[in-house]
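Keep in mind the model is a prediction, meaning the values are calculated, not measured. Both counts, for ligands and for their atoms, begin at 1 and track the order of listing.
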Amino acid sequence: MKARYKRVLLKLSGEALMGEKQYGIDPVRIAQYASDIKEARDMGVEIAIVIGGGNIYRGLQAKDTGIDRVQGDYMGMLATVINGMALQDVLENHGMITRLMSAIEMKQICEPYIRRKAIRHLEKDRIVIFAAGTGNPYFTTDTAATLRAIEVEAEVILKGTRVDGIYSADPELYSNAVRYESLSFEEVYSKDLHVMDMTAVTLCRENNLPIIVFDMNKPGNLLKILKGETIGTLVENNV
Ligand code: GTP
């Protein structure tokens, strides 16, 4: 079966990696992600991944601990490198070929991010993990995911979260919250929906890059999307 997309950027949240734990990486969760990614890879899809770092450190925590915001953001970027290294190892244990590229140079542990090299890796069916965000403070990993998706010409951002899409209100707080099947970027602004931060949403809109928000913690969901099933919420221009 032909996949719906040829090249995707998968955004994984750092917090989701914690699974049932309070901190760090849950081996069961990361193994589930690896099997799902393997299924996607086996369909012939080229996969780039951006992973967050919130399970280890969040830049925004910094101000509560008296650490400078910019310093905290860099600490958060390093957390994404740790997650990227973990994911690389687990993906390789599941039989995939990977390359880890960092926006901040750390030659001993990963390649520096070079756009043309990243594209070459994807063309050679390697899974490319982009670490260290954009390499700049004040940008989230969602923005990094968007930027890298545009740079490597991915057709879509698949934002794997713990919820099964975008709701009219927080479904954990409001039982009458409804899930949207699809939305335009305009609606994301007008309804003040928190899909990704506004920098990321605007980059997607201006570059005509659709986003699918879906529950990555449910095994098989990634494959369902690639098979063309409508799960999660699709955000795109001109719905
Ligand atoms: P091709 O040139 O397309 O064959 O790509 P390649 O990635 O196989 O070639 P390369 O010789 O660049 O890389 C071989 C291995 O070294 C891969 O596992 C890379 O991830 C790794 N590697 C390449 N450059 C760096 C680097 O700057 N730092 C680190 N730590 N590893 C690197």
Provide the full list of side chain to side chain donor-acceptor pair (under 3.5 Å) pairs with a residue in residues 225-234, sequence neighbours left out, each pair given once. none
Salt bridge check, R115 against E153: does any charged N sit closer than 4.0 Å to a carboxylate O?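 Looking at E153 and R115, the cut-off is met.
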Under a 4.0 Å N-O cut-off, is there an ion pair linking R58 with E15? yes
With T161, which residues qualify under side-chain hydrogen bond (donor to acceptor under 3.5 Å, both in side chains), at least two apart?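 Residues passing side-chain hydrogen bond (donor to acceptor under 3.5 Å, both in side chains) with T161: none at all.
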Checking Y5 now: which residues fulfil side-chain hydrogen bond (donor to acceptor under 3.5 Å, both in side chains) with it, not counting sequence neighbours?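 Y5 satisfies side-chain hydrogen bond (donor to acceptor under 3.5 Å, both in side chains) with no residue once adjacent residues are dropped.
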Y189 atom OH, neighbour heavy-atom count above 12 within 6.0 Å: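 Atom OH in Y189 is packed in, count exceeds 12.
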Taking any residue with a non-hydrogen atom under 4.0 angstrom from an atom of ligand 1, which ones do you get?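 Residues near ligand 1: R99, K107, Q108, I109, C110, E111, P112, K117, H121, K124, R126.
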